[in-house]
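The chains referred to below are lettered A, B, ... by the order of the sequence lines, with proteins before strands, and numbering in each begins at 1.
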Number of protein chains: 2
Amino acid sequence: MTAPHTNVQKISEMASRHLSSLSVDCVVFGFHKNEMKVLLLKIPYKDEWALPGGFILRDESAENAASRILKERTGLDGVFLRQFHVFSDPGRVKPRDHRDNLTRMNIPENDIKWLCSRFVTIGFYALVDYTRAVPTPDEFTTRSEWRDLTDPGMLMMDHRVIVNTALDTLRLQLNNLPIGYNLLREKFTMPELQKLYETILGRKLDRRNFQRKILSYRILLRLDERKTGVAHKAPVLYRFDYDGYHRALEEGLKGGF
Amino acid sequence: MTAPHTNVQKISEMASRHLSSLSVDCVVFGFHKNEMKVLLLKIPYKDEWALPGGFILRDESAENAASRILKERTGLDGVFLRQFHVFSDPGRVKPRDHRDNLTRMNIPENDIKWLCSRFVTIGFYALVDYTRAVPTPDEFTTRSEWRDLTDPGMLMMDHRVIVNTALDTLRLQLNNLPIGYNLLREKFTMPELQKLYETILGRKLDRRNFQRKILSYRILLRLDERKTGVAHKAPVLYRFDYDGYHRALEEGLKGGF
DNA sequence: TTATCATTGTGTCAAATTAACACAAAGCTT
DNA sequence: AAGCTTTGTGTTAATTTGACACAATGATAA
């Protein structure tokens, strides 16, 4: 180690590699057994959960940081991922609590100092296939789990607000974007897709009207197959039509006025 | 000045007061003579314009920073102001060009160093009453002007992209939000409101259908007055209904599904 | 003073979209 | 084989949207 600036506190590893004051948090939505799920990380020594998040490397974009973090926490690549809001309330972190918690773990003091400084966080939300994601904790957490969106437990800092804002955004986007591609498996049935919409919106939809509307978007491809091994009448399988889906992503699904 | 760290470069004034790596840029929309306007600042020594922007103080939120900046650049308070996107491409600034430009002005070297470091910017858009705003340049610029949105001239860095994204957002929001309150004077006529919508959307709307739709939102109050001194038949004046307007801000104007 | 003319205010009708609803077919369960 | 639940599809009424016509107003021109 060179020592020209003995008085200067060694810059922490984290601080030197990342942009300061800025973080990224991901609200990762999944869908399983007719329930919306969020991917959360367990904070050690506390009955609290946190969103998977991280920092922006000195030469990457926020989008890149978010997809990097998502990949690290789920193993998934190329999923639907969008920024939706910036959370910048100066009081969003309680530095005291935060520091107490970090000192219990083996975090170097310099990193702790950096981690306890003020952060503005960019919220991203992601839609992922529940069956393909492999929840993986990060260096600050002990486990990673899918939690019920309606009852995720205690969340750290303002993460509950972030989740709620993400859900509000998702509900709004539902009318403009072809959601579902990333939340369901490749092949799915119309009732499954409808359940997804109902779950996100939090209300029942008419089966027949739903089908008519969703088909009018021309983003689905009806397969010549039916779901097997299921009770009652076997439903037809669909998958997203690549061209139609991407056209809809660009142009939106409907217009006002 | 104390001198305990002679080796350490003096921390710049800007750096010590603000969060690093983070800025705020405001796309301020106005409406005048059937044209959408954007408020831009003239960069000295260059044929380029910039969005009014600034930095986030150590203990304020991004929203606060944006409205503070807006107030400084327009004199206006309490206007419609929303964050819409974060621009974080590491290549969004050409540090060389930027530095050359700043050195021509009397900016202290420490501030220049800070200003040329990488910044992620939070884009806000504002809707303001053209007649009430007083365009005011900042410490880096020579003049402040309303420019035509369709032909604003050369914009600095990625500011053109920021403006376009803001406009796209505004067009989308038009279907969910009661736009207009902030872009028109307190009392306005139905044709004026329609022109505003047409200008934002970039297409003609049917006069009668427009009126029917806008009235169905119940955000307008018809006054017992007509616009005077105008050619042809005097149009009735309206103003926004406070309650209806704020309800619409909360709940949105229409639902999908 | 009166005619002209562009613009405003309002109503109607057809087309399209949405909401509400019913019944036959399929396939597991008993 | 009968029963039960769920899927697939069509029909009709209500609502919303789009297209359009005509009378009223008030400044301007003749």
Side-chain angles (χ1 to χ4, degrees), chain A residues 33-34 171 174-176 178 180 184-185 187-199 201-239 248 251-257, chain B residues 33-34 171 174-176 178 180 184-185 187-199 201-239 248 251-257:
Chain A
K33 292 188 177 166
N34 296 342
R171 283 182 175 153
L174 210 56
N175 292 314
N176 297 313
L184 299 170
R185 274 175 272 190
K187 297 173 181 180
F188 52 87
T189 68
M190 193 56 75
E192 280 166 358
L193 185 61
Q194 183 183 338
K195 276 287 183 336
L196 172 62
Y197 271 74
E198 288 179 341
T199 309
L201 291 171
R203 62 192 168 88
K204 288 256 168 266
L205 301 170
D206 182 273
R207 194 163 57 86
R208 294 148 283 196
N209 296 336
F210 176 80
Q211 165 147 332
R212 180 152 35 91
K213 186 162 213 164
I214 220 76
L215 287 178
S216 77
Y217 292 158
R218 314 199 133 280
I219 54 174
L220 296 186
L221 214 63
R222 183 183 172 136
L223 302 178
D224 217 9
E225 278 178 84
R226 282 161 184 275
K227 183 147 185 162
T228 57
V230 69
H232 316 301
K233 179 168 178 174
V236 172
L237 288 167
Y238 291 83
R239 65 177 176 76
E251 300 169 18
L253 290 176
K254 64 170 74 167
F257 259 108
Chain B
K33 293 191 178 165
N34 296 341
R171 284 184 175 153
L174 210 57
N175 293 313
N176 298 314
L184 300 170
R185 272 175 273 190
K187 297 173 181 180
F188 51 87
T189 68
M190 194 55 76
E192 282 166 357
L193 185 60
Q194 184 182 337
K195 277 288 184 331
L196 172 62
Y197 272 74
E198 288 179 340
T199 308
L201 291 171
R203 63 192 167 88
K204 289 254 166 270
L205 300 171
D206 182 273
R207 194 164 57 87
R208 294 148 283 195
N209 297 336
F210 176 80
Q211 166 148 331
R212 186 177 40 192
K213 185 160 214 165
I214 220 76
L215 288 179
S216 78
Y217 292 157
R218 313 198 135 281
I219 55 174
L220 297 186
L221 215 63
R222 182 183 173 135
L223 303 179
D224 218 8
E225 278 178 84
R226 283 162 183 273
K227 181 147 188 162
T228 56
V230 72
H232 315 299
K233 178 167 179 176
V236 173
L237 287 167
Y238 290 83
R239 64 175 176 77
E251 300 169 17
L253 290 177
K254 62 169 76 169
F257 258 106

Integer-rounded Å distance: [N] [atom2] and [X] [atom1]:
X      : N      : atom1 : atom2 : value
B:R226 : D:dA27 : CZ    : C1'   : 14 Å
B:M190 : C:dT10 : CE    : P     : 9 Å
A:F210 : D:dT7  : CZ    : P     : 13 Å
A:L237 : C:dA26 : CG    : P     : 17 Å
A:K227 : D:dT7  : NZ    : C1'   : 14 Å
B:Q211 : D:dT16 : CD    : P     : 17 Å
A:K204 : C:dA20 : NZ    : C1'   : 17 Å
B:L193 : C:dG9  : CG    : P     : 12 Å

Task: Contacts of B:L221 that satisfy side-chain contact (heavy atoms from CB on, under 4.5 Å) - sequence neighbours left out - done: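 Only B:R239, B:D241 meet the side-chain contact (heavy atoms from CB on, under 4.5 Å) criterion with B:L221.
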Enumerate all atom pairs, one protein N or O and one N or O from nucleotides 21-24 of chain C, separated by less than 3.5 Å.
residue	atom	partner	partner atom	Å
C:dC21	N4	A:R208	NE	3.2
C:dA22	N7	A:R208	NH1	2.9
C:dA22	N6	A:R208	NE	3.4
C:dA22	N6	A:R208	NH1	2.3

TODO: Test for a donor-acceptor pair under 3.5 Å between the base of D:dT5 and the side chain of A:H232, counting only N and O atoms.
DONE: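 By the distance-only test, yes, there is a pair.
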Open item on the list: Can you work out whether B:A231 or B:Y238 has the more 5'-proximal nearest nucleotide on DNA chain C?
Closed with: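 Closer to the 5' end of DNA chain C: B:A231.
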Open item on the list: So A:L237 and A:R226, do their side chains get closer than 4.5 Å, heavy atoms only?
Closed with: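 Counting from C-beta outward, A:R226 and A:L237 never come under 4.5 Å.
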Open item on the list: Measuring only between side-chain heavy atoms, which start at C-beta, is B:L220 closer than 4.5 Å to B:L193?
Closed with: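 They are in side-chain contact.
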Open item on the list: Around atom CZ of B:R218, are there more than 12 heavy atoms from other residues, nucleotides or ligands closer than 6.0 Å?
Closed with: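 No, the 6.0 Å shell around CZ holds no more than 12 heavy atoms from other groups.
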Open item on the list: Applying salt bridge (charged side-chain N to carboxylate O under 4.0 Å, His left out), can you list everything that pairs with A:R208, at least two apart in sequence or on another chain?
Closed with: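 Partners of A:R208 under the salt bridge (charged side-chain N to carboxylate O under 4.0 Å, His left out) test: A:D206.
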- [ ] To the nearest 0.5 angstrom, please state how far the CE atom of A:M190 sits from the OH atom of A:Y238.
- [x]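 Between A:M190 CE and A:Y238 OH, I get 4.0 Å after rounding to 0.5 Å.
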